Q: 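Can you keep this structure in mind? I'll have questions shortly.
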Protein chains: 2
Amino acid sequence: MRKESSKNLENEILINNSCGMAYTLNVIGGRWKPAILYRLLTGAMRYSELRNVLPLITERVLVLQLRELEKDGLIEREVFPQVPPKVEYRLSALGRSLEPLLHALSDWGNANRPENDSLREQPSAC
Amino acid sequence: MRKESSKNLENEILINNSCGMAYTLNVIGGRWKPAILYRLLTGAMRYSELRNVLPLITERVLVLQLRELEKDGLIEREVFPQVPPKVEYRLSALGRSLEPLLHALSDWGNANRPENDSLREQPSAC
DNA sequence: CCGCATCCAATAAGATACTG
DNA sequence: CAGTATCTTATTGGATGCGG
């Protein structure tokens, strides 16, 4: 089956498949994106609301993650031109298309992670 | 389960859900685990086979990832007591339970990642 | 053949202070 | 309110060489 012939079609498929998966993990992975996405599944939120429900994230990191999610097209940022300022974040259509996947990931983790597993010292939202 | 100052039941649920997701991403995420898991979906492989089909991974990292996957119960390691040594890696039942999820992650990524996206400088298996 | 040990580079994340 | 700007620390991955 798998030989030196890296031109093997099956190999190509496997490689591309793993790449698609790697891309997905890139855009939803990381330490805080899961928590942010989960929050936004229930609707739009202001910046300060996100910060309040994720008290352990620093502002720097929160903004970085939001910018990345926006760049990847998963969320939309709406600025209300008023004083004081108001900014809302919501899932885009692409972001909402991830909902079944996010729930599947969550369910598998909740079903299979060991008791008392502290997520390897991940204090984030736990 | 952990019960902190539960101001809000919905919060607890969201938090726990995101934690399950974070755990899943932890055990299948990283730069090389997707490729390794994808390879093993098609059957058991020897250490040297894995190394050959993933020519860009270093031995140190390959072993590290295999050990983590084993620790998390996703793969099994079988040593054949012979000379020269032979070691096979295969998915455990738990690992195989991830198969639909892995395909879903892959499909979403292949469908949605931009053309010519080089996976943000991720040369791994692409 | 199947690794492990050592050292080092890149990147992700955190702490803290400040601003339009 | 919704962020920036620096600086520092932690985690991950890579290069290379040796060993049972």
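Keep in mind that this is a model prediction, so the values were computed, not measured. Numbered from 1 within each chain, the chains take letters A, B, ... in sequence-line order.
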Q: Side chain of A:Val87: nearest nucleotide among C:dG3, D:dG3, C:dC2?
A: D:dG3

Q: Could you tell me how far apart B:Arg67 (CZ) and C:dC2 (P) are, to the nearest whole angstrom?
A: 12 Å

Q: Does A:Thr58 place a side-chain N or O at less than 4.0 Å from the phosphate oxygens OP1/OP2 of C:dA15?
A: no

Q: What's the CG-P distance between A:Leu69 and C:dA12, to the nearest Å?
A: 14 Å

Q: For a quick test of reading the model: is some side-chain N or O of A:Arg31 closer than 4.0 Å to OP1 or OP2 of C:dG14?
A: yes

Q: Check the angle between the aromatic planes of A:His103 and A:Tyr38 and answer parallel, tilted or perpendicular using the 30° and 60° thresholds.
A: perpendicular

Q: On DNA chain D, does the nearest nucleotide to B:Gln65 precede the nearest nucleotide to A:Pro84 from the 5' side, or the other way round? Give the residue.
A: A:Pro84

Q: Taking A:Leu91's backbone N and O only, do any of them form a donor-acceptor pair with A:Arg96's side chain (distance below 3.5 Å, no angle check)?
A: yes

Q: Less than 4.0 angstrom between a side-chain N/O of A:Arg46 and OP1 or OP2 of D:dA2, yes or no?
A: yes

Q: Between atom CD in A:Gln82 and atom C1' in C:dG20, what is the gap in whole Å?
A: 16 Å

Q: Which of these nucleotides, D:dG3, D:dG20, D:dG13, is closest to any side-chain atom of B:Trp32?
A: D:dG13

Q: Taking atom P of D:dC1 as reference, at what distance in whole Å does atom OH of A:Tyr89 sit?
A: 14 Å

Q: Taking OP1 and OP2 of D:dT4, is either one under 4.0 Å from a side-chain nitrogen or oxygen of A:Arg60?
A: no

Q: Separation of B:Leu64 atom CG from C:dC7 atom C1', in whole Å?
A: 14 Å

Q: Considering the options B:Gln65, B:Glu88, B:Arg39, which one meets the side-chain contact (heavy atoms from CB on, under 4.5 Å) requirement together with B:Leu50?
A: B:Arg39

Q: Compare all side-chain heavy atoms of B:Ile28 with those of A:Trp108 and state whether any distance is below 4.5 angstrom.
A: no

Q: Rounded to whole angstroms, how far apart are CG on B:Leu54 and C1' on D:dG13?
A: 15 Å

Q: When you measure from the side chain of B:Thr24 to the backbone N and O of B:Gly20, does any donor-acceptor pair fall under 3.5 Å?
A: yes

Q: Does the side chain of A:Ser48 get closer than 4.0 angstrom to OP1 or OP2 of D:dA2 through an N or O atom?
A: yes

Q: Take atom CD1 of B:Ile57 and atom P of D:dT12, then tell me their distance rounded to the nearest Å.
A: 15 Å

Q: Could you give the CG-to-C1' distance, from B:Leu62 to C:dC2, as a whole number of Å?
A: 10 Å

